[in-house]
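Both counts, for ligands and for their atoms, begin at 1 and track the order of listing. Since this is a predicted model, take the numbers as computed values, not measurements. Numbers here are sequence positions counted from 1.
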Amino acid sequence: MALPPALSSSLSLPVVASPLFICSGPELVIAQCQAGIVGSFPALNARSTELLSAWLDRIAEETAGFAPFAVNQIVHRSNARLEADMEVIVAHKVPIVITSLGARPEVNEAVHSYGGIVLHDVITNEFARKAIEKGADGLIAVAAGAGGHAGTQSPFALVQEIREWFDGPLLLSGAIAHGRSVLAAQAAGADLAYVGSAFLSTTEANTDDAYKQMIVDSTAKDIVYSNLFTGIHGNYLRGSIEAAGLDPDALPESDPSAMNFGSGGNSKAKAWKDIWGSGQGIGSIKQSLSVADLVAQLKVQYDDAVDQLVGKTA
Ligand SMILES: Cc1cc2nc3c(=O)[nH]c(=O)nc-3n(C[C@H](O)[C@H](O)[C@H](O)COP(=O)(O)O)c2cc1C
């Protein structure tokens, strides 16, 4: 199936930058779109629905003529702003809406009412089927090693199972921080790569300087998978868990019913603010760059990987 124009038009690289709680705001999104990839942010990063509306005005103005942008909605009962934020999204005709932590037909219908598309993120093939049944247009397969609320399945297994029945837009995420991995996502069967952690250390990200430095200094061995902080399993930086006075190798299990995306779950240390999320791919991030330079670097790596592959198969 052909990709909808919002995902195929004028991208410099087949990449959607993923929403990052706290860390992605208008500066990051605008820089991502201007660099030729889809930029995104969680609606909840704007402190109020009114501020969300102001952010969308600014983003629409400054990204006109560049790659499209996306807004992420947390479709979970802990998100008291869902309906009010949806009204703002509809009024602004946001081109792409990314839904996570729940699929709701009325959210999909609202986005379709003005011609927008919905991408829903899933960690299993079963959730993928449900999301499409409820009206999502495309899927984001969140595989093992992803930052934030990650899955545990191999990207090869997850993409292959979904591709057996779904030929619509499919994005792959999890530890993609190098142009070679973007090409690998496409080879595995995805249309585009969904990249998060690689942007945490960029100049435009709303990330603490110490967090940026920890991304630059850390590698896959520094990523800890735990459900303690939000009630759902996710990947976090070992150094931030230690700084909060906890032993990353002996974290207790959380009670899933205490799940609250933006709160401390079962721990005093607050997820995202004190406990810093990151995927396993950050070994490829050697310095803090501007978004334009990072995307340019990914593009060179991607083109080199294409050349190497053609050389191998010729
Ligand atoms: C610090 C951080 C915050 C995140 N916040 C959100 C969020 O608010 N909404 C969401 O859908 N995903 C969120 N994610 C997950 C990303 O959207 C994406 O699935 C993930 O970053 C992809 O894996 P990667 O980080 O290895 O590239 C977050 C990830 C990180 C690292």
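- For the residue pair Leu237 and Ser278, the shortest heavy atom distance occurs at CG-CB, 3.8 Å.
- Interface of Gly147 with ligand 1, defined as ligand atoms under 4.0 Å from a residue heavy atom, comprises 15 (C), 20 (C), 21 (O), 23 (O), 24 (P), 25 (O), 26 (O), 29 (C), 31 (C).
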Go through it in stages, so that I can follow the logic: the residues are Asp293 and Gln297, the test is side chain to side chain donor-acceptor pair (under 3.5 Å), and I'd like the CA-CA distance, side-chain angles, deciding distance and then a yes or no.
CA-CA 6 Å; Asp293 286 348; Gln297 178 177 293; over 6 Å; no

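- Residue Tyr236 places no heavy atom under 4.0 Å from ligand 1.
- Every N/O-N/O distance between Ser278 and ligand 1 stays at or above 3.5 Å.
- The distance criterion of under 3.5 Å between nitrogen or oxygen atoms is met by Phe21 with respect to ligand 1.
- Ring orientation note: the planes of Trp272 and Phe21 are nearly perpendicular, at an angle over 60° on the 30°/60° scale.
- Checking only distances, Ser100 does come within under 3.5 Å of ligand 1, N or O to N or O.
- The ligand atoms of ligand 1 that sit less than 4.0 angstrom from a heavy atom of Ala175 are 24 (P), 26 (O).
- For Gln213 and Asp217, the side-chain atoms include at least one donor-acceptor pair closer than 3.5 Å.
- With respect to Lys130 and Glu126, no salt bridge is recorded, no charged nitrogen being found less than 4.0 Å from a carboxylate O.
- If you look at Ala146 next to ligand 1, the close heavy atoms, those under 4.0 Å, come from the backbone and the side chain alike.
- At a 4.0 Å cut-off, not a single heavy atom of Gly281 sits close enough to ligand 1 to count as contact.
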Mind running side chain to side chain donor-acceptor pair (under 3.5 Å) on Asp137 and His112 for me, showing each step along the way?
CA-CA 9 Å; Asp137 304 284; His112 293 157; 2.7 Å; yes

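- Of all heavy-atom pairs spanning Gly102 and Val75, the tightest one is O-CB, 3.3 Å.
- A donor-acceptor pair shorter than 3.5 Å can be found between the side chains of Asp57 and His92.
- For the residue pair His233/Ser226, the side-chain donor-acceptor check at 3.5 Å is not satisfied.
- The closest approach between Trp272 and ligand 1 falls below 4.0 Å for a heavy atom of the residue.
- Residue contact check: Pro42 has heavy atoms under 4.0 Å from atoms 8 (O) of ligand 1.
- Heavy atoms from both the backbone and the side chain of Pro19 come within less than 4.0 Å of ligand 1.
- Annotation for ligand 1: atoms under 4.0 Å from non-hydrogen atoms of Gly277 are 1 (C), 31 (C).
- In Leu20, the parts holding a heavy atom less than 4.0 Å from any atom of ligand 1 are both the side chain and the backbone.
- For ligand 1, none of its N or O atoms has an N or O atom of Ala198 under 3.5 Å away.
- Contacts between Asp121 and ligand 1 below 4.0 angstrom, taking non-hydrogen atoms only, involve the side chain exclusively.
- The Gly148 neighbourhood of ligand 1 comprises atoms 29 (C), 30 (C), 31 (C), with distances under 4.0 Å to a heavy atom of that residue.
- Near Tyr211, with a cut-off below 4.0 Å to any heavy atom, the atoms of ligand 1 are 1 (C).
- In summary, the side chains of Trp165 and Asn125 do present a donor paired with an acceptor at a separation below 3.5 Å, with no hydrogens or angles considered.
- For ligand 1, the polar-atom distance check finds no N/O of His149 at less than 3.5 Å from any of the ligand's N/O atoms.
- Every atom of ligand 1 is numbered from 1 in the order shown, and the set under 4.0 Å from a heavy atom of Gly145 is 26 (O).
- In summary, the side chains of Asn72 and Ser40 do not present any donor paired with an acceptor at a separation below 3.5 Å, with no hydrogens or angles considered.
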Derivation and outcome, side chain to side chain donor-acceptor pair (under 3.5 Å), residues Thr230 and His149:
CA-CA 9 Å; Thr230 66; His149 292 136; 2.8 Å; yes

